[in-house]
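What you see is a predicted model; the values in this text were computed from it and never measured. Proteins come first, then strands; the chains are lettered A, B, ... in the order of their sequence lines, and each starts at number 1.
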Amino acid sequence: MQGTPRYRFAPSPTGFFHVGGARTALYNWILALQSNGVFVLRIEDTDESRNEPQWTQGIIDALAWIGIDGNDPHFEGPYFQSANAPAHVAAAHKLYESGRAYYCDLTSEQIQERAKASGKPGYDGFSRDRKLEPGPGRVLRFRVPEGVTVVHDEVRGRVEFDNATLEDFVLLRGNGSPIFNLANVVDDITMNITHVVRAEEHLPNTPKQQMLWEALAGRVPVWAHVPVLVNEQRKKLSKRRDKVALEQYRDEGVLPDAMVNYLMTLGWAPPGDVEIVDFATIVREFKLSAVNHSSAFFDIKKLNSFNGDYIRKLSPDQFVAACEPWLSGGWPEERFDRSVFLRIAPHVQTRVALLSEVPSMIDFLFLAEAPIDEAAFGKAFGTEWAVPTLRAIRDRISTGEWSADSLKSAVEAVGAEHDVKLGKLQAPLRVATTGRSVGPPLFESLEVLGREETLRRIDAALTRAG
RNA sequence: GCUCCCAUCGUCUAGCGGCCUAGGACACAGCCCUCUCAAGGCUGCGGCACGGGUUCAAAUCCCGUUGGGAGUGCCA
């Protein structure tokens, strides 16, 4: 089978977009890009009870965020599985007519009773030779042949399943609607999918799907099952108990490039002793056969570390632009000055791992009154030299050049007079002007804050200190 | 229970029979730098799950044990 490789990503719209899904999508996307193939997005929306239309847009937005662009020529879709229901049913009938499937009228309860009575779990093939006609309440089951099914997996190699352990699975429900395994395979066949790259949890489904492929298409796709992402307890990441929503990381200020790079280091590593690599390198170097076989812990600490790295690599302009979504709250809008932020930006970049940490680091510049941290104030003004030195500093900086360098010189001079080290001496000044004991470099901050406001805040603090 | 998958520092990984007294990154600790906090630099801590084979030689190959995980629906 020649032609362009066709990969696919087939999420079901049942909630926020999962980081594990993001990784699977990335694998498919990268593979499609490096082979000049196609990435097909198919929304598997056939579970009437769980899916919500709103999540579909969420999936598309999330994919776009990590660089999987719906307008890229390698991107195809989205398709909706529900739209293909007639094809699923037609395929099922074809299987029935050729004798590869049969109807069964047993209820779930009856199957359970029989299993309990025989001591063997699952469906026992009771209706295999009863030659039942289609009818309400009757499910269509696939007649699993004897023998073994060998799955050739790009990451795991050869995996063998004894067909005796595979029960005659359901194709069509009692109400005539198709089941996942059928719909999934029929869609992949009709969409000409050549490579199925998905999470390991689907491996047990694969022999069943492979039998369907053989019966319906006479060919089998290239399979690849990548390890799942797990939490600290080594359990598969779950929407219920773990922080898995891609949207949440985005909202906290994780850069998409950092997320993509981090996700790709889970189960795979670029050549050499480096982990921070650009996307072009990933596309060039990534190989399915090099993907690890074991599950990987999604480590938020390491993600944050990657993100800090990416933040530091941004130019000040890019950084300020990336911060845009976090720049609206916390201070009166009219007091915000982008150019002021830009001046202090390089100093902020080395101090945050998440963009959401930025506002609290620069708000003193845009607030009319920077709130004073009580504990910090108490500590900074707890010495007998605090007030006298701050007065002296105030006197010195009230005139003359206004720059970080001259400010530093002024404070150093006061330090020499009072025999107090700069490291200690800056504390009262910092708390007085920024309200906090930590922050960007003080003198650069004051340079940006301006003389008038600096003096005003020093006076306020002096009054407060009594 | 049954089927399948997996097993290198706490975590993510490099390693695909000799280059390994096992390399890198995150985390952690210490030192340096330093106006706070970071960033950066240096150092340290720490691992081939266990037992048998195969081989001149095994983290690397084979078998078993143990330990994890996934699946086991008329969900996807």
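Here the P atom of nucleotide B:U3 and the CD atom of A:Q210 are 20 Å apart, to the nearest Å. Counting to the nearest Å, the P atom of B:U13 and the NZ atom of A:K302 are 9 Å from each other. The separation between A:K313 atom NZ and B:G40 atom C1' is 16 Å, rounded to whole Å. Atom C1' of nucleotide B:C74 and atom CG of A:L182 are separated by 13 Å, given to the nearest angstrom. We find that CG of A:N205 is positioned 15 Å from P of B:C4, with the value rounded to whole Å. Remark: C1' of B:A39 and CD of A:E357 are 14 Å apart, rounded to the nearest angstrom. Atom NE2 in A:H293 sits about 15 Å away from atom C1' in B:U8, given to the nearest Å. Between A:D187 atom CG and B:A76 atom P the separation is 12 Å, expressed in whole Å.
When heavy atoms are screened at a 4.0 angstrom cut-off, A:V159 is found touching the sugar-phosphate backbone but no base atom. Counting any heavy atom pair closer than 4.0 Å across all strands shown, A:H347 reaches no nucleic acid atom. Across all strands, A:E232 comes closer than 4.0 Å to no nucleic acid atom at all (heavy-atom distances). Heavy atoms of A:P11 sit nowhere under 4.0 angstrom from any nucleic acid atom. Using a 4.0 Å heavy-atom distance criterion, A:E160 is classed as a sugar-phosphate-only contact. Here A:G272 lies out of heavy-atom contact (under 4.0 Å) with every strand. As judged by a 4.0 angstrom heavy-atom cut-off over every strand, A:L442 is placed among the base-contacting residues. Within the 4.0 angstrom heavy-atom criterion, no nucleotide atom of any strand lies near A:K120. Among the protein residues, A:F297 comes within range of the sugar-phosphate backbone only, with heavy atoms under 4.0 Å from sugar or phosphate atoms but none that close to a base. Across all strands, A:F169 comes closer than 4.0 Å to no nucleic acid atom at all (heavy-atom distances). Within 4.0 Å of A:E275, counting heavy atoms only, lies at least one base atom of the nucleic acid. Within 4.0 Å of A:E109, counting heavy atoms only, lies no atom of the nucleic acid at all. At a threshold of 4.0 angstrom between heavy atoms, the contacts of A:A296 are confined to the sugar-phosphate backbone, with no base atom among them. As judged by a 4.0 angstrom heavy-atom cut-off over every strand, A:R436 is placed among residues making no nucleic acid contact.
Contact annotation: side chain of A:R351 to base of B:U36, donor-acceptor pair present below 3.5 Å. No N or O donor and acceptor, one from the side chain of A:E200 and one from the base of B:G69, sit under 3.5 Å apart.
Where A:R23 and A:E444 each meet RNA chain B at their nearest nucleotide, the meeting point lying more 5' is that of A:R23. Comparing A:R156 and A:E167 along RNA chain B, the residue whose closest nucleotide (by nearest heavy atom) sits nearer the 5' end is A:R156.
The phosphate of B:C4 has neither OP1 nor OP2 within less than 4.0 Å of any side-chain N or O from A:R158. Remark: A:R312 is in phosphate contact with B:G40, judged by side-chain N or O atoms under 4.0 Å from OP1 or OP2. A close approach under 4.0 Å does occur between a side-chain nitrogen or oxygen of A:K236 and OP1 or OP2 of B:G71. Within the 4.0 Å cut-off from OP1 or OP2 of B:C35, at least one side-chain nitrogen or oxygen of A:K408 is found. Side-chain nitrogen and oxygen atoms of A:T46 include at least one within less than 4.0 Å of the OP1 or OP2 phosphate oxygen of B:A76. At the phosphate of B:U13, OP1 or OP2 sits under 4.0 Å from a side-chain N or O atom of A:N292.
For the pair A:K235 and A:D242, the salt-bridge criterion is not met [side-chain N within less than 4.0 Å of a carboxylate O]. For A:E374 and A:R464, the salt-bridge test passes: some basic side-chain N is under 4.0 Å from an acidic carboxylate O.
Base pairing of B:U55: no nucleotide in any strand meets the Watson-Crick or G-U wobble criterion (both distances under 3.5 Å). When both distances must be under 3.5 Å, the Watson-Crick or G-U wobble mate of B:C26 is B:G10. B:C50 and B:G64 make up a base pair, with Watson-Crick or G-U wobble contacts both under 3.5 Å. B:U3 is paired with B:A70 under the Watson-Crick or G-U wobble criterion, all donor-acceptor distances under 3.5 Å.
Spacing of C1' atoms, B:G52 relative to B:G30, comes out at 44 Å, to the nearest Å. If you take atom C1' in B:C28 and the same atom in B:C35, they sit 27 Å apart, rounded to whole Å. For B:A59 and B:C16, the C1' atoms lie 11 Å apart once the distance is rounded to whole Å. Taking atom P in both B:G44 and B:A38, one finds a spacing of 23 Å when rounded to whole Å.
Residue A:L422 places its side chain closer to B:C35 than to any other of B:C35, B:A76, B:A70.
In A:F16, the CZ atom is not crowded: 12 or fewer heavy atoms of neighbouring residues, nucleotides or ligands sit closer than 6.0 Å. A 6.0 Å sphere centred on NZ of A:K313 holds more than 12 heavy atoms belonging to other residues, nucleotides or ligands. More than 12 heavy atoms of other shown residues, nucleotides or ligands fall within 6.0 angstrom of atom NZ in A:K239. The environment of CG in A:D419 is sparse: at most 12 heavy-atom neighbours from other residues, nucleotides or ligands sit within 6.0 Å. With a 6.0 Å radius and a threshold of 12 heavy atoms from other residues, nucleotides or ligands, A:K287 has its NZ atom at or below the threshold.
By the 30° and 60° cut-offs, the orientation of the rings of A:Y27 relative to A:F286 is parallel.
Minimum heavy-atom separation, A:D373 to A:A375: OD1-N, 3.2 Å.
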